[in-house]
Amino acid sequence: MSWCRCRLTRVAILCTCVVVARASVSAQTAESVGSRALGMGGAFVAVASDSSATWWNPAGIAAGPFLDMTLARDTVEVKDVLPAWRQTISWVALATPPVGISYYRFRITDIRPFDSTAQVSPDREERRAGVPVNSLSASHLGITLVQTLIPGVHAGATFKYIRGTFHAGREDGLSDPADLLDRGGALRGGETKGRFDLDVGVLAVRGPLRLGARMRNVMEPEFGHVRLPRQTRLGVAFDPEPVTGVPLTIAFDWDVETFPAASGPRRTVALGAEQWFWNKRLGIRAGGRANTAGAEERAATVGASLAIRPGLYVDGHMVRGGAADERGWGVGARVSY
């Protein structure tokens, strides 16, 4: 009788952990889009001026080139340990002040089978019985509008429609986390929902100083057990090129508040730099970021842009961290005049 009661207790604890894990699934960090941004560690809210500003700071379009268009694919993940997660985004965006148009197709997968605060650890039998693997596949279509409030101060908003499907499954908990992520990315089925949402931003530019603020997912849309959390970020950048002609940018970003993400609570700080050479034929970037809450992932980043011909660029970046930290890569083609 005591044996049965013990087993029932352990099963109840396991079920409770699974419910908690599924209910707390969240998604979509800002550090998912743009080789320029991610090569600078994600310190981009005050820098954003190309078409990726439709994601990073809608107001940035006002201070950008006459025309900028990007086609790219980016991914970032933690795959060697649990909790494991992966975000993959393919996107195209066009910006020409005062309007931007963007389309993002993303897949977010995460595996957080057990509550880290649980007092009883699951045994091999319970893990073999299966752990929850969850993912969200979604499409985001956005229209960005910007307005100059006073000279050097701009405001912008991206009005977006998101159509997403939440997928849930169970896999062998003893499998390699990377394999679990692959299986989660292949899940099908689930209920599809459409939601309207809004991103807003401001940008102030005076001489070499740039100040930016952005709030993403203002309405916090939900898709099944996945919620796209509101994210508020501030940024400051120093760009001496308008004054000295030196094409060097140094930037620092920080999240104002903690928000739920796939690996748990997240509040990011990021530092990055970008410099151009050979009459802006080659751009080199480096940076780093750290999550100051939850799992406290860290990552160092590098990136580059090469002008194949005037106005036509190939962008790329890499993200590297330790076994429990973020890793990723991205490539893109960009037209900018």
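Starting from 1, each residue takes its place in the sequence as its number.
Between the side chain of Arg188 and the backbone N or O of Ala186, at least one donor-acceptor pair lies under 3.5 Å. For the pair Thr70 (side chain) and Val92 (backbone), a donor-acceptor distance under 3.5 Å is absent. Without hydrogens or angle criteria, Arg298 side chain to Glu296 main chain gives a donor-acceptor distance under 3.5 Å. A donor-acceptor pair under 3.5 Å is formed between the side chain of Asn291 and the backbone N or O of Pro265. Side chain of Arg214 to backbone of Gln231: a donor-acceptor contact under 3.5 angstrom is found. Counting only distance, with no hydrogens or angles, the side chain of Gln87 and the backbone of Val76 share no donor-acceptor pair below 3.5 Å. With hydrogens and angles disregarded, a donor-acceptor distance shorter than 3.5 Å links the side chain of Arg107 to the backbone of Gly184. Of the possible polar contacts, none joining the Glu171 side chain to the Val133 backbone as a donor-acceptor pair under 3.5 Å is found. Panel note: side chain Arg320, backbone Arg327; no donor-acceptor pair is recorded below 3.5 Å. A donor-acceptor pair is defined here as one N or O able to donate and one able to accept, closer than 3.5 Å; such a pair exists between the side chain of Asn57 and the backbone of Val202.
Between Arg216 and Asp197 there is no salt bridge, since no side-chain N of the basic residue sits under 4.0 Å from a carboxylate O of the acidic one. Using a 4.0 Å cut-off between a side-chain N of Lys or Arg and a carboxylate O of Asp or Glu, Arg334 and Asp68 qualify as a salt bridge. Salt bridge status for Arg267 with Asp255: absent, with no side-chain N to carboxylate O gap under 4.0 Å. Between Glu31 and Arg233 there is a salt bridge, since at least one side-chain N of the basic residue sits less than 4.0 Å from a carboxylate O of the acidic one.
If you take OG1 on Thr75 and CD on Glu77, they are separated by 5.0 Å, rounding to the nearest 0.5 Å. Taken to the nearest 0.5 Å, the CZ atom of Arg210 stands 7.5 Å off from the OG1 atom of Thr249. Interatomic distance, CH2 of Trp329 versus CZ of Arg73, reported as 5.5 Å (0.5 Å rounding). Atom CG of Asn217 and atom CE of Met215 lie 10.5 Å apart (nearest 0.5 Å). Put simply, CZ on Phe252 and CG on Leu234 are 10.0 Å apart, with the number rounded to the nearest 0.5 Å. Rounding to the nearest 0.5 Å gives a distance of 10.0 Å between CD1 of Ile101 and OG1 of Thr96.
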Exercise. Between Arg285 and Ser305, is a side-chain hydrogen bond (donor to acceptor under 3.5 Å, both in side chains) present by the stated rule, with each step listed?
Worked result: CA-CA 9 Å; Arg285 305 173 191 94; Ser305 293; 2.6 Å; yes
Problem set entry | Worked check of salt bridge (charged side-chain N to carboxylate O under 4.0 Å, His left out) between Lys79 and Asp176 | CA-CA 9 Å; Lys79 66 176 183 177; Asp176 183 80; over 6 Å; no
Problem set entry | CA sep, side-chain torsions, deciding dist, call: Val153, Thr148, side chain to side chain contact (heavy atoms under 4.5 Å, CB included) | CA-CA 6 Å; Val153 180; Thr148 297; over 6 Å; no
Problem set entry | Worked verdict on Ile111 versus Leu82 for side chain to side chain contact (heavy atoms under 4.5 Å, CB included) | CA-CA 7 Å; Ile111 305 126; Leu82 294 179; 4.0 Å; yes
Exercise. Do Arg266 and Thr268 pass the side-chain hydrogen bond (donor to acceptor under 3.5 Å, both in side chains) test, and can you show the C-alpha distance, the side-chain angles, and the key distance before you say yes or no?
Worked result: CA-CA 6 Å; Arg266 188 176 182 92; Thr268 300; 3.3 Å; yes
For this session: Go through Thr301 and His317 one step at a time and tell me if the side chain to side chain contact (heavy atoms under 4.5 Å, CB included) criterion holds.
Result: CA-CA 7 Å; Thr301 69; His317 77 275; over 6 Å; no
Exercise. What's the verdict on side chain to side chain contact (heavy atoms under 4.5 Å, CB included) for Phe259 and Thr232, showing C-alpha distance, side-chain angles and the deciding distance?
Worked result: CA-CA 9 Å; Phe259 62 90; Thr232 305; over 6 Å; no
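Between Thr144 and Thr54, the side chains place no donor N or O within less than 3.5 Å of an acceptor N or O (distance only, hydrogens not considered).
Between Gly207 and Pro242, the closest heavy-atom pair is O-CG, 4.2 Å. Shortest non-hydrogen contact noted between Ser49 and Ala63 is CB-O, 4.0 Å. Of all heavy-atom pairs spanning Leu203 and Gly60, the tightest one is CD2-CA, 3.9 Å. Among all heavy-atom pairs drawn from Val78 and Pro83, the shortest one is CG1-O, 4.0 Å. In terms of heavy-atom proximity, Ala72 sits nearest to Gly332 at CB-CA, 3.7 Å. Residues Asp253 and Gly42 come closest through the heavy atom pair OD2-O, 3.3 Å.
Put simply, the side chain of Val33 does not reach to within 4.5 Å of the side chain of Phe44, judged on heavy atoms. Side chains of Asp74 and Trp91 form a contact here, defined as non-hydrogen atoms less than 4.5 Å apart. Side-chain atoms of Thr109 and Thr88, non-hydrogen and from C-beta on, never get closer than 4.5 Å to each other. Contact check for Arg289 versus Glu326: side-chain heavy atoms found under the 4.5 Å cut-off. Taking 4.5 Å as the limit, some side-chain heavy atom of Ile308 sits within range of a side-chain heavy atom of Leu306. Within the 4.5 Å cutoff, the side chain of Thr165 has no heavy atoms near those of the Phe223 side chain. Contact annotation: the side chain of Pro247 approaches that of Lys280 to within less than 4.5 Å [non-hydrogen atoms, C-beta and beyond]. Ile61 places a side-chain heavy atom less than 4.5 Å from the side chain of Pro97.
Clustering ILVMFWY residues whenever any of their side-chain heavy atoms sit less than 4.5 angstrom apart, transitively, puts Val99 in the very cluster that holds Val200. Val302 is not connected to Ile250 by any chain of hydrophobic side-chain contacts under 4.5 Å among Ile, Leu, Val, Met, Phe, Trp and Tyr, and they are in different clusters. Using a 4.5 Å cut-off between side-chain heavy atoms of Ile, Leu, Val, Met, Phe, Trp and Tyr, with links allowed through other members, Ile89 and Met40 fall into the same hydrophobic cluster. Hydrophobic clustering (ILVMFWY, side-chain heavy atoms < 4.5 Å, transitive): Val331 and Leu312 are in distinct clusters. By the criterion of side-chain heavy atoms lying less than 4.5 angstrom apart, applied directly or through intervening Ile, Leu, Val, Met, Phe, Trp or Tyr residues, Ile108 is grouped together with Trp55 in one hydrophobic cluster.
For CZ of Arg206, the number of neighbouring non-hydrogen atoms (other residues, nucleotides, ligands) closer than 6.0 Å is 12 at most.
Paired with His140 under the rule ring pair (Phe, Tyr, Trp, His ring centres under 6.0 Å), one option of Tyr104, Phe159, Tyr161 passes, and it is Tyr104.
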